[in-house]
Amino acid sequence: MTSKNLISRFPHLRQDFAASLVVFLVALPLCVGVAVASGVPAELGLVTGIVGGLVTGLMRGSSLQVSGPAAGMTVLVYEAVKEFGLPALGVIVLAGGLIQVGMGLLGLGRYFRAISVSVVEGMLAGIGLVLVAGQLYPALAAKAPDSGLDKIAGLPGAFWGALGNGTALASLAVCAGTVAVLLLWKHVPAKVRTLPGPLAAVGLATVAAFALDLPVATVEVQGLLGSVQPPPLSAFGGLAGIGMLGTVVAFTLIASAESLFSAAAVDRLHSGPRTDYDRELVAQGTGNTVCGLLGALPMTAVIVRSAANVQAGARTKASRVLHGVWLLLFAALLPAVLAYLPIPALAGILVHSGAKLVPLRALAVLWREHRGEALILSVTAVSIVAVSMFEGVLIGLALAVVKTAWEASHIKLEVMDKGAGPVDAHLSGNATFLRLPKILDGLESLPQDRPVRLDLSGLHHLDHACRTALKNWAERHSAAGTEPVKLTVPVG
């Protein structure tokens, strides 16, 4: 095929090729960093990135969204590997992927947009807090505690213990330098910024550690084929336990929500075709199914890579497929390069990523305008830190449902009392058990020695608990010798 025919068949190939290189350079340090932070071989992060490009990237759904291992899943993966073992990770990811495919085929993808944004942001904030706290330990050449609370509580002691320890101070300097480069990268000349910040930060840290012969830990390399371990049949037995099933559900919900919320964000960045949420869920599920069969990390759509893809001028899904090709070539031809990457530099990348997951400015605005939503966000984040990922998300969802039900239960009691004769009371709105105490407090304050006419025809909804309570109140309210309460009930 001549170059002219190639261009006519793929009119955006030049833009997509250039964008794919940018996304590859952004994805490379993140793939490795997420894998190391998750407690699995570094190569498995590359495997997930490759699958995200070559499998999910080829499928329909969101044309410019890029998938791979995400910092937002790091905490959950680490907990799963610690509790069930590395062989079980493939089973969990495989099961979650199959569920995602099923949900997409059943048309449930669009319903993920109904999940409270505050719960999702609270989930990411909780993950960010645990991720930052956890990554400060490898930055100090120390072992991180297991629970989120212990990670945070142990930080003062870890920093105190680093004083006077040359290895810890060198490691901390590499991490701090990496974060500093990431923060300052937007201020360097535009020509220099063609190199993505994460790659520049890790590259400079690697050069500094090598040139100064710093005593810092580096990535352990096992080789791509040595790291890929399909889950053994014996590992599938864990699905009979409630613990692993809960982890599968958590993986599925979090990965799906993060991917589809990312898709909505990416759609706002370009004017091309909009995301088909059901097809995107099938694509994500297919990718996770393949990752599970390979024993790799779970994947989600990643907003950092996706935004880089759009900003680099990508026009079609060819850019994300090509980024998978470059990751595959790197993993096949240059795996030994990973052994030079300092772990504290990768920790710095994740500290920076985790900090961006905590929406402090958005929380302040939310507190001023919608305190209920701010409370949901905060409680979800704190619950994830204090308890665990799965329980924290469930607490956030439950709180969002309660808040919605409470707000939907608006009720108004109007009393017209002329001082003599019958008292007219009119209820309007939605009468649910959540507002029953307020309703009864108002009605019980009405005089018992005069006729009362209670009009319920203005109610849009009257649940069984309220209907029963109002009938009981009407029967016992009037004093002896007084005309009984007259009820006008809504039709239906």
Side-chain angles (χ1 to χ4, degrees), residues 34 38 48 51-52 55-56 59 61-62 65 67-81 83-84 88-117 119-124 126-127 231 235-236 238-264 275-302 380 383-384 388-398 400-401:
V34 169
S38 300
T48 299
V51 174
V55 178
T56 303
M59 300 183 71
S62 175
Q65 184 161 254
S67 300
M73 297 291 287
T74 301
V75 176
L76 190 57
V77 173
Y78 181 84
E79 291 177 355
V81 172
E83 183 173 356
F84 304 110
L89 178 63
V91 175
I92 294 169
V93 177
L94 172 62
L98 292 174
I99 294 173
Q100 285 182 304
V101 171
M103 290 193 301
L105 293 176
L106 291 172
L108 300 180
R110 64 179 73 94
Y111 292 106
F112 273 86
R113 290 180 290 176
I115 295 178
S116 167
V117 175
V119 174
V120 176
E121 290 183 343
M123 173 193 77
L124 294 175
I127 292 169
F236 286 86
L239 292 175
I242 190 69
M244 187 179 287
L245 284 177
T247 302
V248 170
V249 171
F251 266 71
T252 305
L253 291 178
I254 293 169
S256 302
E258 191 169 343
S259 294
L260 297 182
F261 272 89
S262 172
T275 297
D276 183 317
Y277 287 88
D278 294 325
R279 284 177 172 168
E280 179 63 17
L281 195 54
V282 171
Q284 294 293 327
T286 303
N288 273 318
T289 300
V290 174
C291 286
L293 291 171
L294 297 174
L297 290 170
M299 76 164 58
T300 74
V302 186
T380 304
S383 299
I384 287 173
S388 72
M389 175 76 67
F390 186 50
E391 285 84 353
V393 171
L394 290 181
I395 290 170
L397 289 172
V401 170

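This structure is a prediction, so every number in the text was calculated from the model and none was measured. Values below: every heavy atom of this structure, side chains too, minus hydrogens, waters and symmetry copies.
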Practice task
Run the numbers on Val282 and Leu105 for side chain to side chain contact (heavy atoms under 4.5 Å, CB included), then give the verdict.
Solution key: CA-CA 7 Å; Val282 171; Leu105 293 176; 4.1 Å; yes
At their closest point, which heavy atom of [X] faces which heavy atom of [Y], and how far apart are they?
X: Ala263; Y: Gln65; result: N-OE1, 2.7 Å
X: Ala296; Y: Thr48; result: CB-OG1, 3.5 Å
X: Gly107; Y: Asp278; result: C-OD1, 3.2 Å
X: Thr380; Y: Val119; result: CG2-O, 3.8 Å
X: Val302; Y: Gly68; result: CG2-O, 3.8 Å
X: Ser256; Y: Thr252; result: OG-O, 2.6 Å

Practice task
Under the side chain to side chain contact (heavy atoms under 4.5 Å, CB included) rule, what do Met73 and Leu297 come out as? Steps first, then yes or no, please.
Solution key: CA-CA 9 Å; Met73 297 291 287; Leu297 290 170; over 6 Å; no
Handout entry: Test item: Ser259 side-chain N/O and Ala301 main-chain N/O as donor-acceptor pair under 3.5 Å
Key =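 Checked: pair present.
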Problem - Donor-acceptor under 3.5 Å (Asn288 side chain, Val93 main chain) - result: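 It does not hold such a pair.
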Distance check, rounded to the nearest 0.5 Å: [X] atom [atom1] versus [Y] atom [atom2]?
X: Leu397; Y: Met123; atom1: CG; atom2: CE; answer: 9.5 Å
X: Phe84; Y: Thr247; atom1: CZ; atom2: OG1; answer: 4.0 Å
X: Glu280; Y: Gln100; atom1: CD; atom2: CD; answer: 10.0 Å

Handout entry: Under 3.5 Å side-chain donor-acceptor pair for Gln284 and Ser67
Key =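 On atom types as modelled, these side chains qualify, holding a pair under 3.5 Å.
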Exercise for the section: Could you check Val77, Leu76, Val81 and say which one makes a side chain to side chain contact (heavy atoms under 4.5 Å, CB included) with Ser38? Expected result: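 Single side chain to side chain contact (heavy atoms under 4.5 Å, CB included) partner of Ser38 among Val77, Leu76, Val81: Val77.
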Handout entry: Full working for side chain to side chain contact (heavy atoms under 4.5 Å, CB included) between Phe251 and Ile99
Key = CA-CA 10 Å; Phe251 266 71; Ile99 294 173; over 6 Å; no
Practice task
Please identify each residue that fulfils side chain to side chain donor-acceptor pair (under 3.5 Å) with Thr56, with sequence neighbours left out.
Solution key: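 By the side chain to side chain donor-acceptor pair (under 3.5 Å) rule, Thr56 matches no residue at all.
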Problem - Test side chain to side chain donor-acceptor pair (under 3.5 Å) applied to Thr275 - qualifying residues, sequence neighbours left out - result: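 Partners of Thr275 under the side chain to side chain donor-acceptor pair (under 3.5 Å) test: Ser62, Asp267.
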